[in-house]
Amino acid sequence: MADELRRNMALFPIGIVMKLTDLTARQIRYYEQHELIVPARTAGNQRLFSFNDVERLLEIKSLIEKGVNIAGIKQVMNPVSKESDDATLVSEQSEVKRRELSDQQLHRLLKQQLLEKRPGRTSMIEGQLSRFLNKR
DNA sequence: GTTCTGACA
DNA sequence: TGTCAGAA
């Protein structure tokens with residue numbers, strides 16, 4: 001339990017998170033706009049990320065690299081909704097279940113996106129998709 | 001020095 | 001996504 005609290009405790013500014021995740025500030029803020037993450041804020045409106053946020057970002061990064069777009073990630077990742085990840089209000093933390101993607105889910109998602117119109121990017125996705133279908 | 005928001009090549 | 005501006 002105490003571990004949960006520490007995990008959701010906002011600690012580092014975006015600069016640290018950038019190094020930890022290899023994402024640019026632009027991307028991190030962009031993902032926040034799309035509600036993929038909900039970092040806490042300091043009095044000065046600075047973002048403060050928790051370990052949970054960082055893990056979340058790594059998840060997102062992983063999916064992005066697999067060719068999944070924001071919409072797809074939203075479908076796969078658990079809704080952030082509740083103010084569950086601020087360091088201030090740590091009342092009844094929801095069970096952060098294991099949200100590891102099965103290849104089946106990923107394939108379905110990629111296939112779905114392949115069907116959506118998207119000139120230019122299709123070829124790249126096909127390549128990555130075929131890598132999944134075969135290797136890995 | 002860092003980060004924030006909004007906007008545009 | 002990168003990057004610049006103008007303000008905290």
Side-chain angles (χ1 to χ4, degrees):
Chain A
M1 288 290 177
D3 194 55
E4 262 296 297
L5 194 156
R6 278 151 64 177
R7 176 169 305 179
N8 286 41
M9 180 161 50
L11 297 174
F12 14 69
I14 198 168
I16 302 299
V17 179
M18 288 175 68
K19 295 179 180 179
L20 264 40
T21 63
D22 280 301
L23 291 170
T24 64
R26 181 76 170 80
Q27 292 177 298
I28 296 172
R29 292 169 185 142
Y30 181 71
Y31 302 150
E32 180 185 11
Q33 289 191 337
H34 288 268
E35 304 177 281
L36 263 35
I37 53 172
V38 186
R41 296 287 183 140
T42 65
N45 198 41
Q46 304 278 108
R47 269 169 268 254
L48 284 185
F49 301 78
S50 64
F51 282 98
N52 263 182
D53 293 325
V54 176
E55 285 183 30
R56 189 120 185 155
L57 256 351
L58 290 174
E59 265 286 337
I60 296 171
K61 185 195 174 194
S62 169
L63 291 174
I64 291 293
E65 294 176 329
K66 287 177 167 58
V68 182
N69 54 212
I70 302 299
I73 295 176
K74 284 183 180 178
Q75 291 175 51
V76 178
M77 294 188 80
N78 298 325
V80 176
S81 59
K82 307 173 184 177
E83 325 106 30
S84 58
D85 68 6
D86 3 70
T88 50
L89 308 176
V90 182
S91 54
E92 299 167 36
Q93 294 301 327
S94 56
E95 359 65 53
V96 184
K97 303 174 183 177
R98 282 279 53 84
R99 40 168 133 60
E100 196 70 48
L101 283 184
S102 69
D103 282 3
Q104 185 175 45
Q105 293 177 298
L106 191 55
H107 288 166
R108 176 185 156 290
L109 197 57
L110 256 21
K111 184 177 179 182
Q112 178 186 311
Q113 293 186 64
L114 212 48
L115 296 179
E116 290 176 40
K117 53 10 180 204
R118 77 156 39 109
R121 193 128 281 170
T122 319
S123 59
M124 187 189 92
I125 291 180
E126 284 181 57
Q128 299 192 320
L129 184 56
S130 60
R131 283 201 307 108
F132 278 121
L133 269 30
N134 305 310
K135 186 191 173 186
R136 206 210 169 187

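In what follows, every chain begins at residue 1, and chains take the letters A, B, ... in the order their sequences are listed.
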Spacing of [X] atom [atom1] relative to [N] atom [atom2], expressed in whole Å:
{"X": "R41(A)", "N": "dT3(B)", "atom1": "CZ", "atom2": "P", "result": "13 Å"}
{"X": "R29(A)", "N": "dT5(B)", "atom1": "CZ", "atom2": "C1'", "result": "8 Å"}
{"X": "E32(A)", "N": "dT1(C)", "atom1": "CD", "atom2": "P", "result": "15 Å"}
{"X": "Y30(A)", "N": "dG6(B)", "atom1": "OH", "atom2": "P", "result": "15 Å"}
{"X": "Q27(A)", "N": "dG2(C)", "atom1": "CD", "atom2": "P", "result": "5 Å"}
{"X": "I28(A)", "N": "dT1(C)", "atom1": "CD1", "atom2": "P", "result": "11 Å"}
{"X": "R26(A)", "N": "dA5(C)", "atom1": "CZ", "atom2": "P", "result": "16 Å"}

Criterion salt bridge (charged side-chain N to carboxylate O under 4.0 Å, His left out) against E32(A), the qualifying member of R26(A), R56(A), R41(A):
R41(A)

Should I64(A) and I37(A) be counted in the same cluster of Ile, Leu, Val, Met, Phe, Trp and Tyr side chains packed under 4.5 Å apart?
yes

As its Watson-Crick or G-U partner within any shown strand, both distances under 3.5 Å, dT2(B) has dA8(C)

dA9(B) pairs with which nucleotide, Watson-Crick or G-U wobble, both distances below 3.5 Å?
none

Could you state the interatomic distance from [atom1] ([X]) to [atom2] ([Y]), rounded to the nearest 0.5 Å?
{"X": "I28(A)", "Y": "L20(A)", "atom1": "CD1", "atom2": "CG", "value": "9.5 Å"}
{"X": "L57(A)", "Y": "N52(A)", "atom1": "CG", "atom2": "CG", "value": "11.5 Å"}
{"X": "L36(A)", "Y": "Y30(A)", "atom1": "CG", "atom2": "OH", "value": "9.5 Å"}

Nearest-nucleotide comparison on DNA chain C, the residue closer to the 5′ end among Y31(A) and G44(A)
Y31(A)

Residue whose nearest DNA chain C nucleotide is more 5′ - I70(A) or Q46(A)
I70(A)

So which nucleotide from dT3(B), dT1(C), dT5(B) ends up closest to the side chain of N45(A)?
dT5(B)

Would you call K61(A)-E55(A) a salt bridge at under 4.0 Å N-O?
no

R29(A) vs R47(A), test: side chain to side chain contact (heavy atoms under 4.5 Å, CB included). Steps then yes/no.
CA-CA 9 Å; R29(A) 292 169 185 142; R47(A) 269 169 268 254; 3.4 Å; yes

Residues from residues 13-22 of chain A sitting under 4.0 Å of DNA chain C, heavy atoms only?
none

Base of dT3(B), side chain of R47(A) - is there a donor-acceptor contact under 3.5 Å?
no

